[in-house]
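Step one of this worksheet: look at the structure below.
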Protein chains: 2
Amino acid sequence: MGKPAQKVVNAEKALMALRNHSEAERRRRERINGHLATLRSLIPGTNKMDKAALLAEVINQVKELRRTVAEATDGTLVPTDMDEVKVEEQEDLNDGAFISIRASLCCDFKHELLVDLREAIEALPLKTVRAEIATLGSRMVNIFVISGCNEGESDEGEEGIKLVKSVRDALRSVLDKFYASEEFSSRNTLSGKRRRVSFFSPTNSSSLGDIW
Amino acid sequence: MGKPAQKVVNAEKALMALRNHSEAERRRRERINGHLATLRSLIPGTNKMDKAALLAEVINQVKELRRTVAEATDGTLVPTDMDEVKVEEQEDLNDGAFISIRASLCCDFKHELLVDLREAIEALPLKTVRAEIATLGSRMVNIFVISGCNEGESDEGEEGIKLVKSVRDALRSVLDKFYASEEFSSRNTLSGKRRRVSFFSPTNSSSLGDIW
DNA sequence: GCGAACACGTGAGGC
DNA sequence: TGCCTCACGTGTTCG
């Protein structure tokens with residue numbers, strides 16, 4: 001151990017550290033309580049509730065709002081709580097020469113994911129005929145209708161099946177990359193209830209141009 | 001002060017009190033953290049956020065859901081954030097003999113308030129022709145169409161005006177009673193933004209029978 | 001070793 | 001008085 005003077009310096013440092021600590025903790029509390037205050041102001045009737053009751057009310061609000069949205073948007077394009085990749089070949093009106101594929105991806109709404117998704121779609125040797133995106137809370141669902149000319153390498157739907165598969169793989173790899181970066185936080189195992197949803201109906205969701 | 005033995009007893013009591021205290025505090029923490037956990041499970045993508053970030057996300061969710069609801073329910077009956085009593089005489093198709101009144105009450109959704117409201121309406125010397133209630137979050141809006149025969153005591157719309165006034169007073173007293181019991185928690189002074197709402201349009205809101 | 005985030009126990013104040 | 005909620009400072013752990 002050092003000289004007495006050194007001891008004093010050490011003691012001062014220790015005190016400073018303690019001060020920093022308690023101040024940081026104070027700031028942390030302020031952040032949290034600030035958010036709680038915001039929630040209070042956001043939800044009427046919670047003015048004189050304690051923290052626990054407030055949070056309970058918040059939970060109710062979120063659930064209730066989701067129910068309301070689910071009812072109100074019934075019959076429109078709405079993302080569900082479950083991740084999903086769906087790719088299927090479209091019934092094609094004019095036979096043979098072109099194939100058309102409808103692909104949908106439902107997942108968390110993240111900007112990076114959107115970027116990756118666009119890249120993946122553009123990398124495909126196909127033309128995007130229609131693209132639609134709808135978000136709800138932190139979730140999103142993307143629908144693509146993409147088509148390409150059937151180059152007749154093989155008869156029947158052989159070519160179509162291969163394309164469907166490649167599109168599906170592309171979407172899945174986008175999703176997988178995202179979850180790899182997110183450490184895959186056990187979404188699919190829990191998340192009990194699913195919402196009824198009708199995918200293929202006229203929508204009032206935002207156009208792609210607004211977001212991309 | 002008492003004998004030494006008494007001192008020991010007091011010390012034991014104090015220790016017990018302290019124990020109780022810390023245990024109660026522990027339970028309180030558990031309640032709060034439990035609610036935070038359910039919020040985490042409710043909102044995807046918040047798994048590895050700290051408390052403050054989680055709450056921030058919750059706030060966003062609530063705002064976002066409300067926006068969504070506001071868009072989706074456009075043109076339907078939706079309660080606003082502002083308390084309101086509106087009573088007006090209806091244009092009456094068949095002249096004279098009957099008067100028809102449309103009354104609406106927008107306020108917090110409370111069961112007791114609903115009971116009082118029904119009593120108030122039933123106490124009126126009028127017949128309820130139509131009643132409709134819509135809730136959103138913790139808010140509700142009630143619409144009544146009530147009518148009575150014009151007993152011809154005075155000419156012109158004199159009678160109608162008196163009836164409108166009595167209905168308005170009835171609704172207001174219901175609201176006042178409620179806020180008196182709630183200590184009037186400064187709702188009307190703040191609550192900045194109002195939502196656009198169209199009151200008089202076809203609705204898909206729940207029928208009265210479901211709640212009354 | 002620091003900064004950040006958390007749980008903990010304790011003192012203060014409100015019915 | 002006893003019970004409850006809250007804010008505070010502290011000990012601890014993790015990156």
Side-chain angles (χ1 to χ4, degrees), chain A residues 1-3 5-61 138 179-186, chain B residues 1-3 5-61 112 138 178-186:
Chain A
M1 305 294 173
K3 301 178 285 185
Q6 186 64 35
K7 274 189 181 176
V8 170
V9 169
N10 285 341
E12 278 173 2
K13 282 208 170 184
L15 269 186
M16 259 308 169
L18 221 54
R19 252 227 219 338
N20 279 341
H21 187 34
S22 60
E23 275 178 10
E25 181 63 15
R26 204 191 74 247
R27 280 193 294 270
R28 175 177 167 271
R29 276 194 300 267
E30 279 172 1
R31 275 207 325 275
I32 294 177
N33 287 336
H35 285 146
L36 289 178
T38 310
L39 282 171
R40 265 209 177 77
S41 73
L42 223 51
I43 301 181
T46 56
N47 274 316
K48 44 181 187 173
M49 286 184 183
D50 64 39
K51 290 186 183 180
L54 168 64
L55 290 176
E57 257 307 300
V58 170
I59 292 172
N60 283 336
Q61 273 282 331
S138 62
Y179 281 126
S181 74
E182 284 257 315
E183 237 97 297
F184 194 76
S185 53
S186 78
Chain B
M1 304 299 170
K3 299 177 289 185
Q6 184 64 34
K7 274 189 181 175
V8 170
V9 168
N10 285 342
E12 278 174 1
K13 281 206 172 185
L15 269 185
M16 256 310 168
L18 221 54
R19 252 232 228 325
N20 279 342
H21 186 33
S22 59
E23 274 178 12
E25 183 63 14
R26 204 191 73 246
R27 267 175 273 141
R28 173 178 167 271
R29 278 194 298 267
E30 279 170 1
R31 275 209 321 279
I32 294 176
N33 287 335
H35 285 147
L36 289 177
T38 66
L39 279 173
R40 270 212 174 73
S41 73
L42 222 51
I43 301 181
T46 56
N47 274 312
K48 43 181 188 174
M49 286 184 182
D50 65 36
K51 290 184 183 180
L54 168 64
L55 289 176
E57 257 307 300
V58 171
I59 292 172
N60 283 335
Q61 273 283 328
E112 325 93 67
S138 61
F178 172 69
Y179 281 127
S181 72
E182 287 257 322
E183 237 97 299
F184 194 77
S185 52
S186 77

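Computed from a prediction, not measured in an experiment: that's the story for all the values here. Quick note on labels: first sequence line is chain A, next is B, and so on, each numbered from 1.
- Nearest to the side chain of D50(A), among dC6(D), dC8(C), dG11(C), sits dC6(D).
- Dashed line: the shortest gap from a side-chain N or O of R28(B) to OP1 or OP2 of dC4(D) is not under 4.0 Å.
- Side-chain to base pairing of H21(B) with dG9(C): no donor and acceptor N or O lie closer than 3.5 Å to each other.
- For L18(B) and dC8(C), the CG to C1' distance is 12 Å, given to the nearest whole Å.
- A salt bridge links R28(B) to E25(B): one of the charged nitrogens lies within less than 4.0 Å of a carboxylate oxygen.
- Atoms CG and CZ, from L36(B) and R29(B) in turn, are 13.5 Å apart once rounded to the nearest 0.5 Å.
- The side chain of N33(B) contributes an N or O atom lying less than 4.0 Å from OP1 or OP2 of dA7(C).
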Base-pairing string, 5' to 3', of DNA chain C - Watson-Crick or wobble, under 3.5 Å, | interstrand: .||||||||||||||
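- Each of dC6(D), dT10(D), dC6(C) was ranked by its minimum atom distance to the side chain of K51(A); first place goes to dC6(D).
- Counting heavy atoms from C-beta outward, I43(A) and V58(A) have side chains that approach closer than 4.5 Å.
- Rounding to whole angstrom units, CG of residue L55(B) and P of dA5(C) are separated by 13 Å.
- When heavy atoms are screened at a 4.0 angstrom cut-off, R31(A) is found touching the sugar-phosphate backbone but no base atom.
- Rounded to whole angstrom, the span from the CD1 atom of I32(B) across to the P atom of dT5(D) amounts to 8 Å.
- In this structure, NZ of K48(A) is placed 16 Å from C1' of dT5(D), rounded to the nearest angstrom.
- For R31(B), the salt bridge (charged side-chain N to carboxylate O under 4.0 Å, His left out) criterion is met by no residue, not counting sequence neighbours.
- Taking 4.5 Å as the limit, every side-chain heavy atom of T46(B) sits out of range of all side-chain heavy atoms of L39(B).
- Contact of the I32(A) side chain with the L54(B) side chain is not registered, since no non-hydrogen atoms from C-beta on lie closer than 4.5 Å.
- Applying the 3.5 Å distance criterion, the base of dC6(D) shares a donor-acceptor pair with the side chain of E25(B).
- Residue M49(A) contributes atom CE, which lies 17 Å from atom P of dC15(C) at whole-angstrom precision.
- When the side-chain nitrogen and oxygen atoms of R26(A) are compared with OP1 and OP2 of dC8(D), none of them lie within a distance under 4.0 Å.
- The interatomic distance linking R27(B) (CZ) with dA7(C) (P) rounds to 17 Å, in whole Å.
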Using side chain to side chain contact (heavy atoms under 4.5 Å, CB included), reason through E57(A) and N60(A) one step at a time and then give a plain yes or no. CA-CA 5 Å; E57(A) 257 307 300; N60(A) 283 336; 3.7 Å; yes
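- Atom CD of E23(A) and atom P of dG9(D) are 9 Å apart (whole Å).
- Separating the CG atom of N20(B) from the C1' atom of dG11(C) is a distance of 16 Å, rounded to the nearest angstrom.
- An OP1 or OP2 oxygen of dG9(D) is reached within less than 4.0 angstrom by a side-chain nitrogen or oxygen of R29(A).
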